[in-house]
Amino acid sequence: MQTLNPSCMASTYATEPTTNSCRRRLHLHCKHRRRGVFCFFFTGIFHERYLIFLTVLYIMGLVTCAGPLLTILHPPPPPLPGSFYRSQELFLKLWPEIQSDNASTVELDNLWRYRRKLKEQRPCLNASAHWQPVSPGLQRYLVVEANGGLNQQRSSICNAVAVAGLLNATLVIPRFDLHNVWKDPSEFADIYDEDHFISSLKGFVMVVHDLPDELMESYNFSIRNIPSLRVQAWASPRYYLDEVYPVLQETRVIRISPFANRLSMGVPPHIQYLRCLANYKALRFSSTIMNLAKKIVNRMTDKSLHSGGKYVSVHLRFEEDMVAFSCCVYDGGEKEKAEMDAIREKGWGKKFMRENRIIEPGLNRLNGRCPMTPVEVGMMLRGMGFSNSTPIYLASGKIYKEERYLEPLRQMFPLLQTKESLATADELALIQEFSSRLAALDYMVCLSSEVFVTTQGGNFPHFLMGHRRFLYNGHAKTIMPDKTKLAVLLQNTSISWDAFKDEMESMLAESDRKSIMVPRVKKSTRKGSVYLNPLPECRCLWESQHSSPSDVF
């Protein structure tokens, strides 16, 4: 910092020239001082901004480093046991032991140990006494459109018979919706025996092929022109009598579309009898399907002579669309994800891409919602004690990545058969491109087996288990895996074969016990339906038919 010259201070009392000289020096000094203050001001601003920049940079560093640091200090919980697919890896590890183990084998002749305890039953009433023949002059018509796959359509048909009986209406042969996933244009007569359906219901519900011309003329000869009546899901009988019947009285014809799940499970006994009658007697598959099914069952029986002609049927839901719909992960990786995303978009549009849709594959596996792979089914059955000489019938569509996933099951059960291996190409030609007809064929072969294995749930095993209970006087003879337990066991790559077998033998015993159980259901739900548990509600029909396994065909 500059200081004043003492001579300038003294110049105040000096002569004029001296005074002027000192004044110039003082001016220059003050000028330099102002410049210094100005520079100091801007230097301060720069310094402040520099400090702010450093502070921001420091905070950003903290934010960037805090995540990994917190992860180290407080790591996230490990994934729950069973949330990953490790079955293929476990199979490769245990295969040598599985291959050499035929010590404890299950005999199909004495597999089922539990027997249903028959309780005192009420005497059967004359069901036909509740029905009065419909006068042709007073005929009113019920038109329904069934949607979904084979057995969802079956549920709609049985409910339609019950509703027609409730409303004293004539039922028009149900129509089927064309689903964008199944893409099966089959009509009723392509799948079921129409004449048998009509004759079996005679005396209870009148069934006709078509509406009379006088009514069709009012709708320009198109059923689509008949206004669709909206009926709430699981509607009660009272709802139909109060809300639907007056419309039927006025218009003479009502059309309900869609018709799935449009009648509650809780209905009067004589209406419930109609459901039993429709499902277990009237709905017989077409002669094309039944004749081919009988051939395949006979061929399967011939290949099972060493086990008394008995075989195990497995319903495997490991097709592309099922794997995609489940949102489960198997091999993983970007390739599988891209494949599944493309299948989901093709079948269900943007349904799985909505913002509020949360997909959790690990949770799905833990909750037993993932379709079982062939290797998982094979390990389960071998663990239960079924030897490699057990005849297996595999009911399935086209298996996802068949070359990779099916081979381990064939290794464990060399006698495995499918409809394609048991029937010729010419025999399958009439039904080959129709998913519902192929499912009907599988249904009949599974119905005739000594053991039925369900792997995924759904309408197919739901109806099949009920049908088997009806045939075998209350015992479904079905293996129902505990998939939540299996998910944990099959991910544990350190488990021994003996330990796994112990768990599977317990699971088999539990399936035997559950096969005779009739759940106590207070509300009208699917678990309480006559389609899954026909006895005791369908007992009177069972007794009238003197049903036995030989009645399958």
Straight-line distance of [X] [atom1] to [Y] [atom2], nearest 0.5 Å:
{"X": "M340", "Y": "E336", "atom1": "CE", "atom2": "CD", "result": "6.0 Å"}
{"X": "S529", "Y": "N279", "atom1": "OG", "atom2": "CG", "result": "9.0 Å"}
{"X": "E243", "Y": "L229", "atom1": "CD", "atom2": "CG", "result": "9.5 Å"}
{"X": "R437", "Y": "I431", "atom1": "CZ", "atom2": "CD1", "result": "8.5 Å"}
{"X": "S436", "Y": "Q153", "atom1": "OG", "atom2": "CD", "result": "5.0 Å"}
{"X": "I516", "Y": "K477", "atom1": "CD1", "atom2": "NZ", "result": "13.0 Å"}

Within 45° of the axis and under 6.0 Å from the centre of the six-membered ring of Y192, does NZ or CZ of R154 qualify?
no

If the plane angle is over 60° it's perpendicular, under 30° parallel, otherwise tilted; pick one for Y405 and Y330.
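Because their plane-to-plane angle is over 60°, the rings of Y405 and Y330 count as perpendicular.
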
Mark yes when over 12 heavy atoms from residues, nucleotides or ligands other than [X] sit less than 6.0 Å from its [atom1]; otherwise mark no.
{"X": "K294", "atom1": "NZ", "result": "no"}
{"X": "Q432", "atom1": "CD", "result": "yes"}
{"X": "K514", "atom1": "NZ", "result": "no"}
{"X": "Q232", "atom1": "CD", "result": "yes"}

Considering all heavy atoms of both residues, which atom of [X] and which atom of [Y] are nearest to each other, and what is their separation?
{"X": "C328", "Y": "P361", "answer": "CA-CB, 4.3 Å"}
{"X": "V144", "Y": "A160", "answer": "CG2-CB, 3.8 Å"}
{"X": "A423", "Y": "L428", "answer": "CB-CG, 3.9 Å"}
{"X": "A476", "Y": "R468", "answer": "O-NE, 2.8 Å"}
{"X": "S236", "Y": "S264", "answer": "CA-OG, 3.8 Å"}
{"X": "S257", "Y": "D177", "answer": "OG-OD2, 4.5 Å"}

Look at [X] together with [Y] and state whether they make a salt bridge at an N to O cut-off of under 4.0 Å.
{"X": "E214", "Y": "R252", "answer": "yes"}
{"X": "R284", "Y": "D193", "answer": "yes"}
{"X": "R224", "Y": "E145", "answer": "yes"}
{"X": "E319", "Y": "R317", "answer": "yes"}
{"X": "R299", "Y": "E427", "answer": "yes"}

Should N159 and R262 be marked as a side-chain hydrogen bond (donor to acceptor under 3.5 Å, both in side chains) after you check the CA-CA gap, both sets of side-chain angles, and the distance that decides it?
CA-CA 8 Å; N159 288 341; R262 288 302 184 270; over 6 Å; no

Between [X] and [Y], is any pair of side-chain heavy atoms under 4.5 Å apart?
{"X": "I173", "Y": "V208", "answer": "no"}
{"X": "Y141", "Y": "L171", "answer": "no"}
{"X": "L263", "Y": "W234", "answer": "no"}
{"X": "L166", "Y": "V267", "answer": "no"}
{"X": "S155", "Y": "N151", "answer": "no"}
{"X": "Y393", "Y": "L422", "answer": "yes"}
{"X": "T454", "Y": "I479", "answer": "no"}
{"X": "M372", "Y": "L486", "answer": "yes"}

Quick one: does [X]'s side chain have a donor or acceptor within less than 3.5 Å of a partner on [Y]'s backbone?
{"X": "R365", "Y": "V329", "value": "yes"}
{"X": "S200", "Y": "F197", "value": "no"}
{"X": "S515", "Y": "T478", "value": "yes"}
{"X": "R255", "Y": "I226", "value": "yes"}
{"X": "D512", "Y": "Y114", "value": "yes"}
{"X": "T484", "Y": "L366", "value": "yes"}
{"X": "R344", "Y": "A324", "value": "yes"}
{"X": "N225", "Y": "Y219", "value": "yes"}
{"X": "D210", "Y": "V172", "value": "no"}
{"X": "R539", "Y": "N473", "value": "no"}

Aromatic contact, F463 with Y531 (centres under 6.0 Å):
yes

Are Y280 and H467 close enough that their ring centres sit under 6.0 Å apart?
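For Y280 and H467, the ring centres are under 6.0 Å apart.
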
Result of checking V453, V451, L409, L508 against L381 for side-chain contact (heavy atoms from CB on, under 4.5 Å):
V453

Going by atom types only, do [X] and [Y] share a side-chain donor-acceptor pair under 3.5 Å?
{"X": "Y85", "Y": "T373", "value": "yes"}
{"X": "D321", "Y": "Y400", "value": "no"}
{"X": "T424", "Y": "D426", "value": "no"}

Between E320 and K398, does a salt bridge (charged side-chain N to carboxylate O under 4.0 Å, His left out) hold up when you go through it step by step?
CA-CA 8 Å; E320 271 190 355; K398 181 173 173 52; over 6 Å; no

